[in-house]
There are 2 protein chains.
Amino acid sequence: MQQPARTTTRIQRKNTAVILEAALEVFSAHGFRGATVDQIAQAAGLSKPNLLYYFPSKEAIHTALLDGLMETWLDPLRALDEDGDPLAEILGYVRRKLEMSRDYPRESRLFANEIIQGAPRIGPALSGELKQLVDEKAEIIHRWIADGKIAPVNPHHLIFSIWALTQHYADFDVQVHAVLGGPEIDPYPEAGAYLDTLFTRMLTP
Amino acid sequence: MQQPARTTTRIQRKNTAVILEAALEVFSAHGFRGATVDQIAQAAGLSKPNLLYYFPSKEAIHTALLDGLMETWLDPLRALDEDGDPLAEILGYVRRKLEMSRDYPRESRLFANEIIQGAPRIGPALSGELKQLVDEKAEIIHRWIADGKIAPVNPHHLIFSIWALTQHYADFDVQVHAVLGGPEIDPYPEAGAYLDTLFTRMLTP
DNA sequence: GCTTATTTTGACCAACTGGTAAAACCCACG
DNA sequence: CGTGGGTTTTACCAGTTGGTCAAAATAAGC
C-alpha cells in the first residue's frame with residue numbers, strides 16, 4: 001500500500017517544471033549518456049542533491065520527459081481527419097509537423113537521440129502506441145487512394161517521408177544552416193513552400 | 001622538425017583497421033560520449049592500453065573515423081553529372097544514397113549523432129567542403145530547371161530532402177521496423193519504389 | 001641466435017559521475 | 001511565535017572513465 005499522494009506544493013510544481021525544462025535543454029543537446037546531472041542541475045539553478053530530491057535518478061528525469069512528450073508529438077498525426085479533403089489533410093499534417101520542428105527543435109532532437117541509439121527507453125511505445133496510430137492512419141490513406149482521391153503511394157512510407165522531411169530541419173539544423181550559409185538564415189519559409197509543392201505534385205491524382 | 005614517419009608495420013596496419021571497425025560499431029551505437037574506450041578495445045579484441053598505443057586518445061579515434069568517412073559519404077553527390085539526363089541523374093543519386101543507408105547504416109548513424117549534437121567536431125567541414133559541393137550541384141540543378149528539363153523546385157531543399165528521406169531509413173531504423181511490425185521486414189525494396197515515384201512525380205516538368 | 005625496435009600487459013591514477021546521509025534551513029500554519 | 005513539515009546544503013562515497021608508465025613479451029633484422 002502506498003501513502004496517499006500528499007498535496008504537491010507550489011515549490012514542488014515550480015521546481016519540477018524548471019528541472020524538466022533544463023533537462024530538455026541538456027538531454028537534447030548531448031544525449032542521455034552525454035548529459036550529466038550536474039549540468040542539468042546548474043541549468044535549473046539548483047544543486048545536484050536538490051535536483052535529486054525531486055527526481056530519484058537521472059533516468060527518471062529522462063523518462064518523465066519522454067513520456068510527457070510522446071503525447072504532444074503524436075497530436076498532429078491524430079488530427080488527420082478521414083472526412084476532410086485528402087490532399088488538404090496531408091498538407092496540413094506536413095505543415096503542423098514542420099511547425100513543430102521550428103517551434104520545438106529540442107523535443108525533436110530528444111527523440112532523435114533516443115531512436116538513433118536504438119530506442120532503449122521507449123522501444124515499447126514505438127511498437128505499441130505509435131504503430132497502432134500509424135496503422136490506423138495508413139488505412140485511411142489507403143482508402144483515399146482506393147477512392148481515387150489521391151495518387152497511389154505506399155501509405156506507411158508516405159508517413160515516414162513526412163517525418164523524415166520535417167524533422168530533418170530540427171535534427172540536422174546545424175547542417176542546414178552550414179550549407180545555406182549562416183545561422184541568420186531562416187530555412188522554414190522556403191522549406192514550407194518546398195514541401196507543399198512536393199506533396200502536392202506527388203499526391204495529385 | 002618531425003622524425004620522418006617510420007614505415008608502418010604489418011601489425012600496425014591490421015590493428016588500426018580493427019580498431020576503426022570496432023570504433024565505428026561502438027560510436028555509431030552509443031554516440032561519442034556514450035562510448036567508452038574499454039568497449040571499443042574489447043570489440044577490437046585488444047586491451048585498453050594497447051588500443052591507446054595506436055591512437056593517442058578516444059577523440060583521435062573518433063576524428064580519424066569521421067575524416068575517413070566524409071569522403072565516401074559525399075561520393076554519391078559528386079557523381080551527379082551535369083551532362084546526364086536530369087531526372088535519371090537525380091533518381092540515380094537517390095538510389096545510391098538509399099543503398100548507402102542500407103549497406104552502411106553505422107556510418108550514417110555516426111554522422112547523425114555528430115550533427116544532432118551540434119557537429120562539435122566536424123562543423124568546419126560542413127560549412128567548407130560540404131557547402132561548396134552542395135552549392136555547386138545546386139547550380140547544376142538550377143540550370144536544368146532554367147532549361148525546362150525538370151519542374152521548378154528549390155535546389156538546396158531538393159538536396160536536403162534526398163538526404164532526409166534516404167538517411168531516415170538508416171538513422172531511424174528501429175522506428176521504421178517497429179512501425180512496420182518486426183525486424184524481419186526489409187523496408188528497402190518498398191522505400192526504393194516509393195522514393196522513385198516521389199521524385200519522378202515531383203520533377204517531371 | 002642475438003640484438004634491437006615494436007608491441008602488449010598489469011598496475012596504477014586523477015578526474016568525474018550518479019547518488020546518499022544527515023544536518024541545517026525555511027516557511028506555512030495553528 | 002514556535003513547531004513540524006517540506007526544502008536545501010554540506011560533506012561524502014563508490015564506481016567508472018580516459019589516460020599513463022615501466023616492465024615484460026614478442027617480432028624483425030642481421
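In the text below, chain A, chain B and the rest are named by the order of the sequence lines, each starting its count at 1.
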Check: For B/Thr36, which contact category applies under a 4.0 Å heavy-atom criterion: base, sugar-phosphate, or nothing?
Finding: sugar-phosphate

Margin query: Strictly below 4.0 Å: does A/Asn50 bring a side-chain N or O up to OP1 or OP2 of D/dT9?
Written below: yes

Item checked: Length of the CD1-C1' vector between B/Ile11 and C/dT9, whole Å -> 15 Å

Notebook entry, point to check: Which part of the nucleic acid, if any, lies within reach of A/Tyr54 when heavy atoms closer than 4.0 Å are counted: base, sugar-phosphate only, or nothing?
Noted result: sugar-phosphate

Margin query: Expressed as a whole number of angstroms, how long is the span from B/Lys48:NZ to C/dA11:P?
Written below: 14 Å

Notebook entry, point to check: Whole-Å distance between C/dC16 C1' and A/His30 NE2?
Noted result: 16 Å

Next item on the list: Would you mind telling me which of C/dT7, D/dC21, D/dT9 lies closest to the side-chain atoms of A/Pro49?
Entry: D/dT9

Next item on the list: Check every strand shown and say whether B/Ala41 touches a base, only sugar-phosphate, or nothing at a heavy-atom separation below 4.0 Å.
Entry: nothing

Notebook entry, point to check: Quick one: the side chain of B/Lys58 and the base of D/dG19, do they pair up donor-acceptor inside 3.5 Å?
Noted result: no

Check: Centroid-to-centroid, B/Tyr169 to A/His157, below 6.0 Å?
Finding: yes

Next item on the list: Nearest whole angstrom, please: distance from the C1' of D/dA22 to the CG of B/Leu52.
Entry: 16 Å

Check: Would you call A/Glu82 and A/Lys137 a salt bridge, using N to O less than 4.0 angstrom?
Finding: no

Notebook entry, point to check: Taking CG from A/Asp38 and P from C/dG18, how many angstroms apart are they, rounded to a whole number?
Noted result: 7 Å

Notebook entry, point to check: Which heavy atom in A/Ala22 sits nearest to a heavy atom in A/Ile40, and how many Å separate them?
Noted result: CB-O, 3.6 Å

Check: Side chain of B/Ser57: nearest nucleotide among C/dT20, C/dT9, D/dG19?
Finding: D/dG19

Margin query: Looking at C/dT6, I'd like to know if its phosphate oxygens (OP1 or OP2) sit under 4.0 Å from a side-chain N or O belonging to B/Gln12.
Written below: no

Checklist line | A/Glu25/A/Arg109 ion pair, N-O < 4.0 Å | finding: no

Next item on the list: Give a yes/no on whether any side-chain N or O of B/Arg33 is located under 4.0 angstrom from OP1 or OP2 of C/dT17.
Entry: yes

Notebook entry, point to check: Can you find a side chain N or O atom of B/Ser47 that sits less than 4.0 Å from OP1 or OP2 on C/dT9?
Noted result: yes

Next item on the list: Round to a whole Å and report the spacing from CD of A/Glu59 to P of C/dT17.
Entry: 18 Å

Check: Closest to the B/Tyr53 side chain: D/dG19, C/dG19, C/dT6?
Finding: C/dT6

Notebook entry, point to check: If you measure only the distance, is there a donor-acceptor pair under 3.5 Å linking the side chains of B/Asn154 and A/Tyr194?
Noted result: no

Margin query: I need the NE2-P distance between B/His62 and D/dG18, as an integer number of Å.
Written below: 13 Å

Note to self: Measure CD/B/Gln39 against P/D/dT16 and give the value in whole Å, please.
What the structure shows: 13 Å

